[in-house]
Trainee: 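Quick one: structure below, then a few questions.
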Amino acid sequence: MSQLRSAYYSLGEHTLSVPAALFALNRQRLVERLQNNPKINRNSVVILQGGSDESRYCSDVGPVFRQESYFHWSFGVLEPDCFGCIGVGDGRSILFVPRLPDEYAVWMGKIPTLDDYKQRYDVDSVFYVDQVAEQLKNLKPHSLLTLNGTNSDSGKTCREAVFDGISEFKVESGLLHAEIAECRVIKTEMEMQVLRYVCDISAKAHVEVMKKIRSGMKEYQCEAIFTNYCYYNGGCRHSSYTCICGSGNNGSVLHYGHAGAPNDKTINDGDMCLFDMGGEYYCYTSDITCSFPSNGKFTREQKIVYNAVLEANQAVFKAIKPGVCWVDMHVLANRVMLTYLRDNGILQGDIDAMMKSEIKIDPMSVNPIRLIWQQHFNPTDWVILWGAMSTMWVDIWKDVLNDQRLR
C-alpha cells in the first residue's frame with residue numbers, strides 16, 4: 001500500500017511530506033485559467049485518464065508503475081488505471097478508481113474503499129471507473145475537455161481520455177492542453193519545495209559517486225551508487241531518465257547508457273566522467289549533469305574549460321531576471337565562453353567576428369562546450385555546471401566549494 005495517509009505523501013520521517021493540498025491548488029489554478037478562456041463554457045468538465053498498469057510483453061511481470069504526468073499534476077494519484085474529472089465552473093474534483101475483484105487482495109494486499117481514496121487524495125468524490133459515463137451524465141456538462149496535444153520535446157501525443165460511453169458527450173479536444181501545460185510551467189511554492197528536495201538528494205548522490213569512484217570500476221557501478229543513494233536516503237524509487245554514466249569517449253554520446261551501451265565500460269585512470277543522473281520523488285524530477293576526472297586531477301586544458309563554463313554560468317546568473325529573453329542569455333553565455341577560451345589560448349581571433357560568423361557553443365551538439373542548466377543550492381553545497389569539449393567534460397567537483405575557480 002502506498003504511503004499516503006491523512007492527505008499527504010511520505011516515505012518516512014527522513015523524506016519529504018507532500019500534502020494533497022499541492023494538487024488541489026494545481027486544480028484551482030487550472031480552473032481559473034479555463035474560466036478566463038472565452039472559448040470554454042463554464043459548464044464544461046475536464047476529463048483526464050491516468051496511466052495504465054502494463055506487463056512486460058506477454059508475461060505477467062511489469063515495470064514499477066509510474067503515473068502519467070498530467071494526471072499526477074492534477075490529482076497526485078499513485079495507482080494505475082484511474083480517471084479524474086474537474087468541473088470548470090465550480091472546481092469540483094471527482095476521482096474514478098478501478099473496481100478490483102476480491103482475489104486482488106491475495107496478491108496485492110488490502111483493497112482500499114472509495115472513502116479511503118477520498119481521504120487519501122482529498123478530492124470531492126470517488127467512484128469506480130465503470131461509473132464514469134453515469135456520473136458525467138448526472139453533471140450534464142456542456143462539453144468534455146480532453147487532453148490532446150503534442151509534447152514539444154518528444155513529438156509524441158498526450159494520452160486523451162477514452163471511456164465507454166464517451167460518444168454520448170460533446171468532446172472538445174483542442175483547448176485543454178495549452179492551458180494545463182502553461183499551468184505546469186509555473187511552479188507553486190509547494191511544488192518548489194518538492195523540487196528542492198529531489199534536487200538536493202540527487203546532488204548529494206552525485207557527490208557520493210565522486211567519493212566512491214575508483215579506476216577499474218564499471219560505469220554501471222557508479223550508476224548503482226547513485227540510484228541506491230537516492231532511494232535509500234531520499235525515497236526516490238524512480239530515476240528521472242535512464243542514467244548516463246559516460247567515461248572517456250563515452251562522455252561525448254548524448255544519451256549513452258541505453259540498452260545497446262548500458263554503462264558497461266571500465267573506467268580508466270584519468271578518464272573524464274560525464275554523469276547525467278537525476279532522482280525522482282513523487283513524480284517530481286531532477287536533472288543534474290556533472291563531469292570530473294576519475295582520479296580527481298584536472299589537466300590544464302580541463303581547468304580552462306571548467307572555468308570558461310563557470311564564467312558563463314556566473315554571467316548569466318547576474319543578467320537573468322523576469323522579462324529577459326532566454327535567447328539573449330544563450331548569446332551572452334556563448335560570448336563569455338568564447339572570450340575565456342581565446343584569452344587562455346584555446347581559440348584565436350576576434351570575438352565579434354566569431355559571433356558574427358556564428359562560431360558558437362551549441363548546447364546540444366556533441367563536440368562543443370555545453371552550458372545547459374545550472375542549479376544553485378545553499379553556500380555549503382555546490383554549483384552544477386555542464387561543460388564539454390570533445391570528450392573533455394568539466395562541471396562540478398567537491399573540492400571547489402569555497403573557491404569555485406580551479407587553479
Side-chain angles (χ1 to χ4, degrees), residues 1-4 9 11 18 20 22-24 26-27 30 45-86 93-101 104 107-109 111-112 114 116-118 120-123 126-133 136 144-164 166 171 173 176-177 180-181 183-184 191 194 198 231 235-242 278-287:
M1 181 62 63
S2 59
Q3 297 301 306
L4 265 162
Y9 172 87
L11 284 176
V18 183
L22 182 155
F23 305 100
N26 285 347
R27 295 192 296 271
L30 174 60
V45 173
V46 172
I47 175 73
L48 297 171
Q49 183 172 357
S52 299
D53 193 11
E54 299 178 352
S55 63
R56 185 186 301 165
Y57 309 117
C58 64
S59 74
D60 62 351
V61 177
V64 177
F65 176 74
R66 196 272 194 190
Q67 187 59 267
E68 193 277 330
S69 294
Y70 282 98
F71 191 79
H72 184 271
W73 180 88
S74 302
F75 292 95
V77 172
L78 293 171
E79 291 82 359
D81 303 315
C82 297
F83 286 77
C85 291
I86 306 169
S93 57
I94 306 175
L95 178 64
F96 297 91
V97 299
R99 191 188 296 270
L100 301 172
Y104 178 94
W107 299 94
M108 302 296 188
I111 300 174
L114 296 183
D116 289 336
Y117 283 111
K118 185 176 184 297
R120 183 181 301 174
Y121 295 116
D122 197 22
V123 291
V126 181
F127 299 96
Y128 291 114
V129 168
D130 56 29
Q131 297 175 293
V132 171
L136 286 177
L144 301 183
L145 303 180
T146 58
L147 187 67
N148 186 354
T150 302
N151 185 303
S152 58
D153 290 328
S154 67
K156 296 182 178 180
T157 303
C158 295
R159 183 178 193 180
E160 187 175 0
V162 177
F163 57 89
D164 290 339
I166 193 172
V171 176
S173 62
L176 176 61
H177 183 267
I180 193 171
C183 285
R184 289 185 62 195
E191 288 182 295
V194 186
V198 71
Y231 197 8
C236 301
R237 191 175 195 182
H238 294 274
S239 292
S240 304
Y241 45 86
T242 301
E280 176 180 293
Y281 187 76
Y282 202 21
C283 290
Y284 281 86
T285 66
S286 62
D287 185 340

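Positions are given from 1, in the same order as the sequence printed here. Model, not experiment: these values are computed from the prediction.
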Trainee: Quick one: does Ser240's side chain have a donor or acceptor within less than 3.5 Å of a partner on Gly279's backbone?
Mentor: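 It does hold such a pair.
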Trainee: So Phe96 and Cys85, do their side chains get closer than 4.5 Å, heavy atoms only?
Mentor: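 Yes, at least one pair of side-chain atoms sits under 4.5 Å.
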Trainee: Hey, could you give me the CG/CZ distance between Leu78 and Arg66, rounded to the nearest 0.5 Å?
Mentor: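 Going from the CG atom of Leu78 to the CZ atom of Arg66 covers 10.5 Å.
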Trainee: What closest approach, in Å, do Ala161 and Phe83 show between heavy atoms, and which atom pair accounts for it?
Mentor: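 Distance-wise, the nearest heavy atoms are CB-CE2, 4.3 Å.
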Trainee: Check for a donor-acceptor pair, side chain of Gln67 on one end and backbone N or O of Glu79 on the other, with a separation under 3.5 Å.
Mentor: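 Answer holds: yes.
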Trainee: In this structure, are over 12 heavy atoms from other groups packed under 6.0 Å from Arg237 atom CZ?
Mentor: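 For Arg237, atom CZ is not crowded (no more than 12 foreign heavy atoms under 6.0 Å).
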Trainee: Could you go through Leu22 and Val194, starting from their C-alpha distance and side-chain angles, then the distance that decides it, and tell me whether this counts as side chain to side chain contact (heavy atoms under 4.5 Å, CB included)?
Mentor: CA-CA 10 Å; Leu22 182 155; Val194 186; 4.0 Å; yes
Trainee: Check the pair Phe75, Tyr117 against ring-ring contact (aromatic ring centres under 6.0 Å, His included), reporting the backbone distance first and the verdict last.
Mentor: CA-CA 11 Å; Phe75 292 95; Tyr117 283 111; over 10 Å; no
Trainee: Please examine the side chains of Thr285 and Val198, heavy atoms only from C-beta on, and report whether any two atoms are closer than 4.5 Å.
Mentor: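 Of all side-chain heavy-atom pairs linking Thr285 with Val198, none is under 4.5 Å.
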Trainee: Passes side chain to side chain contact (heavy atoms under 4.5 Å, CB included), Ile47 versus Phe163? Steps please.
Mentor: CA-CA 10 Å; Ile47 175 73; Phe163 57 89; 4.3 Å; yes
Trainee: Of all heavy-atom pairs between Tyr241 and Gly278, which one has the smallest distance, and what is that distance?
Mentor: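 In terms of heavy atoms, the two residues are closest at OH-N, 3.5 Å.
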Trainee: At their closest point, which heavy atom of Ile86 faces which heavy atom of Leu30, and how far apart are they?
Mentor: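 Taking every non-hydrogen atom into account, CD1-CD2, 4.2 Å.
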Trainee: Please round to the nearest 0.5 Å and tell me the distance separating atom CZ of Arg159 and atom OG of Ser52.
Mentor: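 With rounding to 0.5 Å, CZ (Arg159) is 3.5 Å from OG (Ser52).
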Trainee: Is the shortest side-chain heavy-atom distance between Met108 and Leu100 below 4.5 Å?
Mentor: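 No, side chains not in contact.
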Trainee: Identify the two heavy atoms, one from Thr146 and one from Leu176, that lie closest to each other, and give their separation to 0.1 Å.
Mentor: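 Shortest heavy-atom separation between Thr146 and Leu176 comes out as O-CB, 3.6 Å.
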Trainee: Taking Asp53 for the side chain and Pro80 for the main chain, is one N or O donor matched with an acceptor at less than 3.5 Å?
Mentor: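 Answer holds: no.
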Trainee: Pick from Tyr282, Tyr70, Tyr121: which one makes a ring-ring contact (aromatic ring centres under 6.0 Å, His included) with Phe23?
Mentor: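 Of the listed options, the one satisfying the test is Tyr282.
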Trainee: Of all the heavy-atom pairs spanning Tyr281 and Cys236, show the shortest one and how long it is.
Mentor: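 That closest heavy-atom pairing would be CB-SG, 4.0 Å.
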Trainee: I need the minimum non-hydrogen distance between Glu68 and Gln49, along with the two atoms involved.
Mentor: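 Where Glu68 meets Gln49 most closely, the heavy atoms are OE1-O, 4.3 Å.
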Trainee: In Å, rounded to the nearest 0.5 Å, how long is the span from CG of Asp122 to CG of Leu95?
Mentor: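 The CG atom of Asp122 sits 11.5 Å away from the CG atom of Leu95.
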Trainee: Donor-acceptor check, side chain of Arg99 to backbone of Val129, threshold 3.5 angstrom: yes or no?
Mentor: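 No, the answer is negative, given that no donor and acceptor are paired below the 3.5 Å cut-off.
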Trainee: Evaluate the side chain to side chain contact (heavy atoms under 4.5 Å, CB included) criterion for residues His177 and Asn148: first the C-alpha distance (whole Å), next the side-chain angles of each, then the deciding distance (0.1 Å), finally the verdict.
Mentor: CA-CA 6 Å; His177 183 267; Asn148 186 354; 5.9 Å; no
Trainee: The test is side chain to side chain contact (heavy atoms under 4.5 Å, CB included); show your working for Val46 and Ser74 and say whether it passes.
Mentor: CA-CA 11 Å; Val46 172; Ser74 302; over 6 Å; no
